[in-house]
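These numbers were taken from a predicted model, which means no experiment stands behind them.
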Amino acid sequence: MTYPSLLVAVDDGTESDSRLELACDLGNAFNAHLTGLCTTSIAPPLYDPLGGGAMVGELLALYRDMAEAEVKRAGARFAEIIRARDVDADWRGQIGFPGEVCSRAARAADLVILGARNPRAPYNAPDVSDVLMECGRPVLVTPPTRVRNPVGEHALVAWKDSRESRLALTAAIPLLQRARGVTLYAVRPRDDIGTADGELADVVQFLARHGITAESVIAHEGEASVGRQILEEALARSAGLIVSGAYGHARLREWALGGVTRTLLAESTLCLLLAH
């Protein structure tokens with residue numbers, strides 16, 4: 001298995017450069033086509049009730065010019081890095097709400113690569129939660145400061161017997177096949193250990209049929225949150241990747257993520273492969 005098509009969100013800044021360089025690494029590792037995407041929305045103009053909104057048109061034109069200039073700068077940086085890395089790639093720049101534009105562009109990708117904790121989201125960069133819930137594709141989330149490469153290092157799969165976890169596991173197979181080692185990690189109440197043993201044995205066998213050797217670890221629920229337990233276990237094993245289902249539901253236009261997903265997105269210094 002592989003990822004023939006990758007989509008990476010690009011914006012202006014060093015964090016974006018790091019994310020793009022990782023995307024290039026993945027493109028070379030999987031012989032994939034890489035699409036760079038920069039999308040930003042136009043800031044709403046201030047309305048002056050005394051002026052009757054006379055300046056609204058001028059402000060909109062100014063903000064559009066600023067947004068288009070930002071997309072152009074990101075495209076130039078994308079082209080510069082791509083030339084240096086010799087990756088098969090194309091570029092898309094668009095004005096619009098970033099989460100929606102990125103989710104639609106994901107139709108042509110096997111894997112979407114986004115930045116976590118991006119202060120520019122959601123109006124000037126895709127918000128991870130928006131894209132996770134809408135795009136229908138697995139999402140590789142890169143932290144602002146990445147401590148390890150997600151390819152070739154140990155991988156930790158945060159297992160829960162759920163639809164989201166099964167989707168994430170399947171989506172991660174190309175990365176798990178290249179991992180130095182794989183740990184299936186489940187956090188359960190003490191009275192649920194017997195059930196977890198059977199689940200993990202099935203998953204270990206499933207991975208073995210894909211040429212992946214994995215060990216299973218069952219941890220008891222402790223004082224720390226489940227998300228924090230997952231992060232501590234991944235760091236203790238010098239992992240470069242955490243694989244997890246992404247849990248949440250829609251409330252009007254806002255996405256409410258589950259506690260474990262929120263913790264991983266807010267605190268992880270490792271790349272996350274998430275699926276909803």
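In this structure, the side chains of Leu26 and Leu34 stay at 4.5 Å or more apart for every pair of heavy atoms. In this structure, Leu175 and Val151 have side chains that are in contact, with non-hydrogen atoms separated by less than 4.5 Å. Within the 4.5 Å cutoff, the side chain of Leu184 has heavy atoms near those of the Leu207 side chain. Contact of the Leu132 side chain with the Leu114 side chain is not registered, since no non-hydrogen atoms from C-beta on lie closer than 4.5 Å. Counting heavy atoms from C-beta on, the side chains of His33 and Tyr3 never come closer than 4.5 Å. The shortest distance between side-chain heavy atoms of His276 and Leu274 does not fall below 4.5 Å. Put simply, the side chain of Pro150 reaches to within 4.5 Å of the side chain of Leu22, judged on heavy atoms. With a 4.5 Å cut-off on side-chain heavy atoms, Tyr63 and Ile95 do not count as touching.
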Dump the intermediate steps for side chain to side chain contact (heavy atoms under 4.5 Å, CB included) on Leu235 and Thr269, then the final yes or no. CA-CA 9 Å; Leu235 291 173; Thr269 58; 4.0 Å; yes
Evaluate the criterion side chain to side chain contact (heavy atoms under 4.5 Å, CB included) for residue pair Asp127 and Met133; output intermediate values, then yes/no. CA-CA 10 Å; Asp127 182 79; Met133 298 299 169; over 6 Å; no
If you apply the rule salt bridge (Lys or Arg N to Asp or Glu O under 4.0 Å), what do you find for Glu215 with Arg237, and how did you get there? CA-CA 12 Å; Glu215 66 166 325; Arg237 292 177 177 272; 2.7 Å; yes
Would Leu241 and Glu153 satisfy side chain to side chain contact (heavy atoms under 4.5 Å, CB included), going step by step from the backbone distance to the final call? CA-CA 7 Å; Leu241 177 70; Glu153 300 289 343; over 6 Å; no
I would like to know whether Leu7 and Cys102 meet side chain to side chain contact (heavy atoms under 4.5 Å, CB included); could you show each step before the answer? CA-CA 9 Å; Leu7 175 68; Cys102 186; 4.2 Å; yes
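The environment of CG in Asp202 is crowded: more than 12 heavy-atom neighbours from other residues, nucleotides or ligands sit within 6.0 Å. For Asp65, the CG atom is densely surrounded, since the number of other residues' heavy atoms within 6.0 Å is greater than 12. Within a 6.0 Å sphere centred on CE of Met66, heavy atoms belonging to other residues, nucleotides or ligands number 12 at most.
Under the ring pair (Phe, Tyr, Trp, His ring centres under 6.0 Å) criterion, Tyr185 pairs with no residue at all, not counting sequence neighbours. Residues satisfying the salt bridge (Lys or Arg N to Asp or Glu O under 4.0 Å) test with Glu199, not counting sequence neighbours, are Arg188.
The residue from Val226, Ile218, Val217 that alone fulfils the side chain to side chain contact (heavy atoms under 4.5 Å, CB included) condition with Val187 is Val226. If you run side chain to side chain contact (heavy atoms under 4.5 Å, CB included) between Pro143 and each of Arg117, Arg19, Glu15, Glu267, only Arg117 comes through.
Once rounded to the nearest 0.5 Å, the distance linking CG of Asp12 with CG of Asp17 reads 8.5 Å. Rounding to the nearest 0.5 angstrom, the gap separating the CD1 atom in Ile230 from the OG atom in Ser244 is 5.5 Å. Atom CG of Asp88 and atom OG1 of Thr35 lie 9.0 Å apart (nearest 0.5 Å). For the atom pair OG (Ser162) and OH (Tyr247), the distance works out to 3.0 Å, reported to the nearest 0.5 Å. Distance check: Cys271 SG to Arg146 CZ gives 5.5 Å after rounding to the nearest 0.5 Å. Taking CG from Asp11 and CZ from Arg77, the interatomic distance works out to 12.5 Å, rounded to the nearest 0.5 Å.
In terms of heavy atoms, Leu270 sits closest to Ala234 at CD1-CB, 3.7 Å. Between Ser41 and Ala67, the closest heavy-atom pair is O-CB, 4.4 Å. Taking both residues in full, the closest heavy atoms of Arg180 and His154 are given as NH2-N, 3.7 Å, listed atom of the first, atom of the second, then distance. Between Leu37 and Trp91 the shortest heavy-atom distance is N-CZ3, 4.0 Å. Across all their heavy atoms, Leu273 and Ala171 have their closest contact at CD2-CB, 4.1 Å. Taking each heavy atom of Asn118 and Ala125 in turn, the nearest pair found is ND2-CB, 3.5 Å.
A donor-acceptor pair under 3.5 Å is formed between the side chain of Arg107 and the backbone N or O of Arg104. Of the possible donor and acceptor atoms, one in the side chain of Thr39 sits under 3.5 Å from a partner among the backbone N and O of Gln94. For Ser165 (side chain) and Trp159 (main-chain N/O), no donor-acceptor pair under 3.5 Å exists by modelled atom type. For Asn124 (side chain) and Thr40 (main-chain N/O), no donor-acceptor pair under 3.5 Å exists by modelled atom type. Judged by distance alone, with hydrogens and angles left aside, the side-chain atoms of Gln229 form a donor-acceptor pair with the main-chain N or O of His220 at under 3.5 Å.
With respect to the salt-bridge test (charged N to carboxylate O, under 4.0 angstrom), the residues Glu68 and Lys72 do not qualify. Taking 4.0 Å as the cut-off between side-chain N and carboxylate O, Arg228 and Glu232 do not count as a salt-bridged pair.
No continuous path of ILVMFWY side-chain contacts below 4.5 Å connects Val128 to Leu167, so the two sit in separate hydrophobic clusters. Both Phe30 and Ile212 belong to a single network of hydrophobic side chains, linked directly or stepwise wherever heavy atoms of I, L, V, M, F, W or Y lie under 4.5 Å apart.
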